[in-house]
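Values below: every heavy atom of this structure, side chains too, minus hydrogens, waters and symmetry copies.
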Amino acid sequence: MGRKQTVPELGRYGLLALFVMGTISCCMVYLCFSALFRPPNSNTEFVVSKVSHGLKSEDADGDCCRGIEHLELWGDAVKWGSEFKVNSSKACCLACKGMCSSDSGPCLCDSWVFCGDKQACGDKFGECWLKKQKDTLEPDRLDSGDHVMWTSGIVFGRGEGIIGLETEYGTLHLKLLPGCAPHSISYILDLLISHHSVGCHFYRAESRGKSWDSEGNHIEQAPYGPPFALIQGTLGASGAVFEDIPTEACPTIRRGSVAWVESGPEFFISLANHNEWNKAYTVFGFVLPEDMEIVERIAQLPTKPEVWGNINVAVLENPVPLHVRRIKRSAGNQKLYTN
């Protein structure tokens with residue numbers, strides 16, 4: 001014979017029921033969000049990007065200024081740290097950015113090195129070395145590892161820090177964002193230097209459909225997909241060991257944004273402004289506007305339907321290989337070309 005529950009027992013079990021229901025609801029949202037970019041046979045765990053309020057505010061202000069800890073970049077000094085001390089790595093980065101002209105000319109400073117560990121740095125604490133690299137796409141790395149007390153970063157001026165994703169449909173010119181995603185850019189530059197991008201390709205393509213206009217703006221009352229207005233691929237080269245990239249700057253995804261899926265090496269290029277994605281993806285670059293027509297063309301290629309965790313997606317019938325290329329400017333003009 002069961003006994004009648006007392007009021008306290010009802011309250012306790014009621015709270016438990018509410019907790020279980022809330023947990024299930026969160027899990028359902030998590031699974032749907034994961035399925036948007038992840039095929040069902042993947043063995044990579046989806047990690048929801050978490051960004052602090054302060055970090056979001058910093059990125060929203062366009063003041064993205066980060067570096068990599070335990071890294072010391074070499075290079076010719078344009079301002080000696082022994083004579084120039086600041087309070088933070090961000091201040092050191094901003095000092096370097098301040099030596100970039102407002103036009104398309106090169107920066108007088110394109111790299112910075114800061115000592116911010118008071119105990120490890122000793123009398124070097126606060127030193128900010130502003131430097132000039134011989135090649136910003138192949139920065140001179142003196143040392144790295146836990147024993148290194150320095151934090152370093154790169155600055156690309158206007159017209160600098162542009163690489164190419166070469167495909168059979170044309171070359172996509174990407175402007176890299178080292179101040180927002182330094183770990184991501186370090187990987188991309190390593191890929192560029194290695195000249196090994198076999199295995200990199202696009203495998204998913206979805207147009208803007210009837211949900212976004214040609215400028216990427218969402219059309220009122222239209223669904224947010226499918227299709228989801230993106231092309232997706234991988235920058236994981238065959239045979240190369242890939243280490244997960246930590247979450248970095250996660251601004252709102254805009255038309256042309258290039259971002260990692262989770263912690264890489266899968267990535268996507270957006271054809272639309274996705275405010276509904278709530279700043280969940282690390283953005284490490286953007287496609288130059290004049291090349292978005294190539295992205296649009298790839299998005300229109302023949303696809304076959306697949307279902308990833310109850311989400312309908314479009315997978316390319318024939319994946320599109322891509323090669324990471326160095327981009328240079330020809331002498332005397334602003335024309336870009338691959339090398």
### Task
Could you tell me whether the side chain of Val315 reaches within less than 4.5 Å of the side chain of Trp308, counting heavy atoms only?
yes
### Task
Take Trp212 and Tyr224, measure what side chain to side chain contact (heavy atoms under 4.5 Å, CB included) needs, and give me the verdict at the end.
CA-CA 9 Å; Trp212 292 272; Tyr224 288 98; 4.2 Å; yes
### Query
Which atom pair, heavy atoms only, marks the closest approach of Cys250 to Thr282?
SG-N, 3.7 Å
#### Entry: Neighbour count above 12 (heavy atom, 6.0 Å) for Lys85 NZ
yes
#### Entry: Minimum heavy-atom distance Pro139-Gln133, with the two atoms named
CA-OE1, 3.4 Å
### Task
Give, for atom CD of Glu72 and atom OG of Ser144, the distance between the pair rounded to the nearest 0.5 Å.
10.5 Å
### Summary
In short, Val78 meets Cys109 closest at the heavy-atom pair CG2-CB, 4.1 Å
### Query
Quick check, are the ring centers of Trp80 and Trp129 under 6.0 angstrom apart?
yes
### Query
Taking the side chain as C-beta and beyond, is there a heavy-atom pair between Ile298 and Ile231 under 4.5 Å?
yes
### Common cluster, Ile294/Leu176, ILVMFWY with side-chain heavy-atom separation under 4.5 Å
yes
### Query
Are the side chain of Glu160 and the backbone of Thr136 linked by a donor-acceptor contact shorter than 3.5 Å?
no
### Message
I need the minimum non-hydrogen distance between Trp260 and Tyr281, along with the two atoms involved.
### Response
O-CD2, 3.5 Å
### Query
Within the distance-only criterion (no hydrogens, no angle test), does the side chain of Asn278 pair as donor or acceptor with the backbone N or O of Ala280 below 3.5 angstrom?
no
### Query
Same cluster for Val324 and Ile327 if Ile/Leu/Val/Met/Phe/Trp/Tyr side chains link at under 4.5 Å?
no
### Message
For Val295 versus Leu271, what's the shortest heavy-atom pair and its separation?
### Response
CG1-CD2, 3.5 Å
### Pair Ile162-Phe156, side chain to side chain contact (heavy atoms under 4.5 Å, CB included): steps then yes or no
CA-CA 9 Å; Ile162 298 174; Phe156 291 141; over 6 Å; no
#### Entry: pair Leu130-Met99: side-chain heavy atoms closer than 4.5 Å
yes
### Query
In a check of side chain to side chain contact (heavy atoms under 4.5 Å, CB included) between His201 and each of Asn318, Leu235, Thr234, Val320, which one passes?
Thr234
#### Entry: Nearest-0.5 Å distance that lies between atom NE2 in His196 and atom OG in Ser238
6.0 Å
### Query
Same cluster or not: are Ile185 and Val261 linked, directly or through other Ile, Leu, Val, Met, Phe, Trp or Tyr residues, by side-chain heavy atoms under 4.5 angstrom apart?
no
### Query
Do Lys175 and Leu288 come within less than 4.5 Å of each other through their side chains, counting heavy atoms only?
yes
### Task
With rounding to the nearest 0.5 Å, note down the distance linking CD1 in Ile269 to CG in Leu165.
6.0 Å
### Query
Hey, is the main chain of Pro226 close enough, under 3.5 Å, to the side chain of Glu206 for a donor-acceptor pair?
no
### Task
Would you sort out whether Cys200 and His323 count as a side chain to side chain contact (heavy atoms under 4.5 Å, CB included), showing the intermediate values?
CA-CA 7 Å; Cys200 299; His323 301 278; over 6 Å; no
### Task
Please work out whether the ring planes of Phe284 and Phe267 are parallel, tilted or perpendicular, with thresholds of 30° and 60°.
tilted
### Summary
Between the CZ atom in Arg255 and the CG atom in Leu230, the distance rounded to the nearest 0.5 Å is 12.5 Å
#### Entry: Stepwise side chain to side chain contact (heavy atoms under 4.5 Å, CB included) check, Asn217 with Asn273
CA-CA 6 Å; Asn217 299 310; Asn273 303 323; 3.2 Å; yes
### Query
Would you say the side chain of Asp110 lies within less than 4.5 Å of the side chain of Ile154, judging by non-hydrogen atoms?
no
### Task
Measure the NZ-CG distance between Lys304 and Leu316 for me, rounded to the nearest 0.5 Å.
9.5 Å
### Query
Counting heavy atoms not belonging to Asn87, are there more than 12 under 6.0 Å from its CG?
no
### Task
Treat each ILVMFWY residue as a node, draw an edge where side-chain heavy atoms are under 4.5 Å apart, and state whether Ile253 and Phe286 are in one component.
yes
### Query
Between His274 and Trp277, how do the two ring planes meet: parallel, tilted or perpendicular, split at 30° and 60°?
parallel
### Task
Using a cut-off of 6.0 Å, state whether more than 12 heavy atoms not belonging to Glu69 lie near its atom CD.
no
### Message
Counting C-beta onward and ignoring hydrogens, is there a side-chain heavy-atom pair between Ile188 and Ile163 closer than 4.5 Å?
### Response
yes
### Query
Does one hydrophobic cluster hold both Val155 and Ile68, with members joined at side-chain heavy-atom distances below 4.5 Å?
no
### Query
Do Cys107 and Cys100 have their SG atoms under 2.5 angstrom apart?
yes
#### Entry: Side-chain donor or acceptor of Arg208 paired with backbone N/O of Ala229 under 3.5 Å
no
## Note on the structure
When rounded to the nearest 0.5 Å, the distance separating OG of Ser152 from CH2 of Trp74 is 11.0 Å
### Query
Quick check: are there more than 12 heavy atoms from other residues, nucleotides or ligands sitting under 6.0 Å from CD of Glu215?
no
### Task
Could you pull out the closest heavy-atom pair between Lys131 and Leu73, with the gap in Å?
NZ-O, 2.8 Å
### Query
Would you say the side chain of Ser211 lies within less than 4.5 Å of the side chain of Ile219, judging by non-hydrogen atoms?
no
### Task
Would you indicate whether the side-chain heavy atoms of Thr171 and Asp291 approach each other to under 4.5 Å?
no
